[in-house]
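Taking it in order: structure first as structure tokens, then the write-up.
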Amino acid sequence: MTTTLSISSAAPRSVDADAVVIGVIKTADGPALAPGAADIDEALGGTLTATLAVLGGTGQAEDVTRLPSGGALAAPLIAAVGLGPAPDGAAGFDPETLRRAAGAAVRVLTAAAAARAGNGDGTPGPGPRIALALPARDAAEAEAVALGGLLGGYSFTRYRPGASPPAALRVLASADVPGAGERARALADAVSLARDLVNTAPSDLVPAALAAEAERVAATSGLAAEVLDEKDLTEDGYGGIVGVGQGSAHPPRLARLEYTPPQATGAAEQLKTVVFVGKGITFDSGGLSLKPPKSMETMKSDMGGAAAIIGAMQAIAALRPAVHVIGYLPLAENMPSGTAQRPSDVLTIYGGKTVEVLNTDAEGRLVLADALARSAADHPDVLVDVATLTGAQLVALGPRIAAVMSNDDGLRDAVVAAAGRAGEAVWPMPLPAELRKGLDSTVADLANVAPDRYGGMLIAGLFLREFVPDGVRWAHLDIAGPAFNEGAPHGYTPKGGTGAATRVLVQVAVDVAEGRL
């Protein structure tokens, strides 16, 4: 079961819910009420601001203060969530501020409900009914509130069914907001799917299983799908995927998903083509270059790029932008065994370039290289790969900000802008030419790592650039940090899989369709 969503114009004081969420602005004089809260303040006799101040509410972004309604509302509980300082001038609230506020409130309320859930007979009780009376004065604000609430209500229950009953959300909009709920639902379902895949135990999501999930999504979303097995991969020359996967008892796969919009009938040649490539290492032990045990604990998330593409392709099919989109998922499990690739082995990547493998733990770039080279047959206008690629990304930018590199500065900046609109933090990074010489090999076209440990994130990008088809605009997203949250939940982001880059990819496709990119 998933969180349900509806949009209503009901008055906050009379809405039938277990809790109603309002926004609070941080000011120099203390908390102030955001649009949407006036009806509740009136029902409480104008005392809401003073009560929040007594309870310690400040309006600090994402802080949640709960107080009883005392029978003045239909809902017994009020949750006031901070929005930070008021927007400048006549500008509306930043959509990401609303997403995070709604997510924080729903996350706190659903966690509290889960803690007391149950019918006394061992069966789960109903999930909380939450009304969101945050600023929702137009479609953009309503969509932001809805999406944040849906993402904040996420829980992974595959191994604990019923542990967290899904919430029922109602966004209280003060204007007509056509399509806002549908767009929010499509994006939230996509991110939740990516989160579920990342959170799944690696023994339950081997390459063939992840390929089957991609086929399931394709069948339900109207996408075309193709999967190459280990025999196909060997015969067709996908040396990177085969080499990485040869140490595992679970053989590799390459999945390809394709979206063609309904409006393309008879005019497909006029559409632009976007190709996504997502790293899909279903578990990364490091291979013979074995990781320390602690470093393996989160390596079920090393298929976060592939998960983001599966989710994004599902959302794109639902939103139906006028663009041709293809997603490649190179899938392998990187394990040590008697059949595993060795340091100093030489692989032949799809298309013929050879790579000396100096470190088997730099395996993601090998599977991506095959798919990037294969994308030449699709003649992409824009090519984007996404991967949990390097620990250096986490060192450079921390756990919440992804990096983007590109062979085209304009594309790099456009991806950063798309990420900003989608609500994901992405920072532009360079591809310094002087670092390329570190990938030189004496026996192959290039090595998979450089001897110098510095600039590892950038060197990985330079490696991938070697396999980008000539003349194609390409961007590389390294999401090693943001893909898996090892810290406390925040905003609409849970602990564990986050679904990072899913919304960025959807926004890139929309931007291409609308001529912004």
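Hydrogens, waters and symmetry mates play no part in the numbers below; they use all other heavy atoms, side chains included.
At least one donor-acceptor pair under 3.5 Å links the side chain of Arg195 to the backbone N or O of Thr498. In this structure a side-chain-to-backbone donor-acceptor pair under 3.5 Å is missing from Asp284 to Met299. Not a single donor-acceptor pair under 3.5 Å links the side chain of Lys495 to the backbone N or O of Asn485. The backbone N or O of Thr360 sits less than 3.5 Å from a side-chain atom of Asn334, completing a donor-acceptor pair. Judged by distance alone, with hydrogens and angles left aside, the side-chain atoms of Ser221 form no donor-acceptor pair with the main-chain N or O of Leu223 at under 3.5 Å. Side-chain atoms of Ser301 come within 3.5 Å of backbone atoms of Thr298 as a donor-acceptor pair (strictly under, hydrogens ignored). Under the 3.5 Å distance criterion, the side-chain polar atoms of Asn448 are matched with a main-chain donor or acceptor of Ala362. Of the possible donor and acceptor atoms, one in the side chain of Glu62 sits under 3.5 Å from a partner among the backbone N and O of Gly491. The closest donor-acceptor contact from the side chain of Asp381 to the backbone of Thr273 lies under 3.5 Å. Asp511 contributes no side-chain N or O that, together with a main-chain N or O of Arg516, makes up a donor-acceptor pair within less than 3.5 Å.
Residues Glu424 and Gln507 fail the side-chain proximity criterion, which asks for heavy atoms closer than 4.5 Å. Residues Arg503 and Leu147 meet the side-chain proximity criterion, which asks for heavy atoms closer than 4.5 Å. Contact check for Glu363 versus Asp302: side-chain heavy atoms found under the 4.5 Å cut-off. Looking at Phe93 and Val145, their side chains never come closer than 4.5 Å, going by heavy atoms from C-beta outward. With contacts defined as side-chain heavy-atom distances shorter than 4.5 Å, the pair Leu210/Arg253 does not qualify. Using a 4.5 Å heavy-atom threshold, the side chains of Pro135 and Leu98 count as touching. Val106 is not listed as a side-chain neighbour of Val21, based on a closest heavy-atom distance of 4.5 Å or more. For the pair Glu226/Glu258, no side-chain contact is recorded, criterion being any heavy-atom separation below 4.5 Å from C-beta on.
Remark: of the listed residues Asp385, Asp370, Asp378, Asp378 is the sole one forming a side chain to side chain donor-acceptor pair (under 3.5 Å) with Tyr328.
Minimum interatomic distance between Gly148 and Tyr492 (heavy atoms only, all atoms of both residues): O-CB, 3.7 Å. For Ala101 against Val81, the heavy-atom pair with the smallest separation is O-CG2, 3.4 Å. Considering all non-hydrogen atoms of both residues, Gly499 and Ala194 come closest at CA-CB, 3.9 Å. The two residues Glu333 and Ser248 make their nearest non-hydrogen contact at OE1-OG, 2.5 Å. Nearest heavy-atom pair, Pro321 versus Pro261, reported as atom, atom and distance to 0.1 Å: O-CB, 3.4 Å. When all heavy atoms are compared, the tightest approach of Val217 to Gln314 is CG1-CB, 3.8 Å.
The neighbour count for Arg320 CZ, taken as heavy atoms of other residues, nucleotides or ligands under 6.0 Å away, does not exceed 12. The number of heavy atoms from other shown groups lying within 6.0 Å of OH (Tyr159) is above 12. More than 12 heavy atoms of other residues, nucleotides or ligands sit less than 6.0 Å from atom CZ of Arg183.
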message = The test is side-chain contact (heavy atoms from CB on, under 4.5 Å); show your working for Leu150 and Leu187 and say whether it passes.
response = CA-CA 9 Å; Leu150 288 168; Leu187 290 170; over 6 Å; no

query = Stepwise, does the side-chain contact (heavy atoms from CB on, under 4.5 Å) test hold for Ile316 with Phe276?
reply = CA-CA 12 Å; Ile316 289 166; Phe276 298 138; 4.0 Å; yes

task = Evaluate the criterion salt bridge (Lys or Arg N to Asp or Glu O under 4.0 Å) for residue pair Glu182 and Arg185; output intermediate values, then yes/no.
result = CA-CA 5 Å; Glu182 291 78 6; Arg185 178 88 264 174; over 6 Å; no

request  = List the steps and the verdict of side-chain contact (heavy atoms from CB on, under 4.5 Å) for Arg158 and Asp204.
outcome  = CA-CA 11 Å; Arg158 173 167 178 167; Asp204 291 327; 3.5 Å; yes

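Interatomic distance, Leu331 CG to Leu228 CG, rounded to the nearest 0.5 Å: 10.5 Å. Put simply, NE2 on His476 and CZ on Arg365 are 8.5 Å apart, with the number rounded to the nearest 0.5 Å. Atom-to-atom distance recorded for Leu329:CG and Lys279:NZ is 14.0 Å, nearest 0.5 angstrom. In this structure, the separation between CG on Asn199 and CZ on Phe484 is 6.0 Å, given to the nearest 0.5 Å.
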